[in-house]
Amino acid sequence: MFKLGNFFIVSGIFLVLLSAIGSLLNFLPEIINSYYLASTGTVFTSSGIIINKKDPLDRK
C-alpha cells in the first residue's frame, strides 16, 4: 500500500512540474491544457499522501 502511495506522490509531482514547464515553454499540445495536468497532479499527490498516512489494517 505504501508503494502505491509513493508512486502517486512521485507521479503527481511530475505532472505538476510538467504543467509548469509546459506553460512556460508552450510545448504541450492544445488538447492537453496545463490546468488539467496541474489539477491531476494535485489529486495524485494528495491521494498518495492520504494513502501513506493511513494506518495498516493488521494492528496487533
Residues which pass side chain to side chain contact (heavy atoms under 4.5 Å, CB included) with [X], listed by chain and number, not counting sequence neighbours:
{"X": "Thr40", "value": "Leu15, Phe44"}
{"X": "Ile49", "value": "Ile9, Thr45, Lys53"}
{"X": "Ile50", "value": "Lys54"}

When you group the ILVMFWY residues by side-chain heavy-atom contacts below 4.5 Å and let the links chain together, are Ile51 and Phe7 in the same group?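 Yes, it is one cluster - the side chains of Phe7 and Ile51 are joined through contacts under 4.5 Å.
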
Under a single-linkage rule joining Ile, Leu, Val, Met, Phe, Trp and Tyr whose side-chain heavy atoms are separated by less than 4.5 Å, which residues share a cluster with Tyr36?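 Direct or chained contacts put Tyr36 with Tyr35.
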
Can you name the nearest heavy-atom pair linking Phe8 to Ser47, along with the distance?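 Between these two residues, the closest heavy atoms are CD1-OG, 3.7 Å.
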
Within this structure, what is the CG-OG distance for the pair Leu18 and Ser11, rounded to the nearest 0.5 Å?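 Output value for this atom pair is 12.0 Å.
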
Check each of Val10, Leu17, Val16 against Ile13 using the side-chain contact (heavy atoms from CB on, under 4.5 Å) test, and report the only one that passes.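 Checked Val10, Leu17, Val16 against Ile13; only one passes side-chain contact (heavy atoms from CB on, under 4.5 Å): Leu17.
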
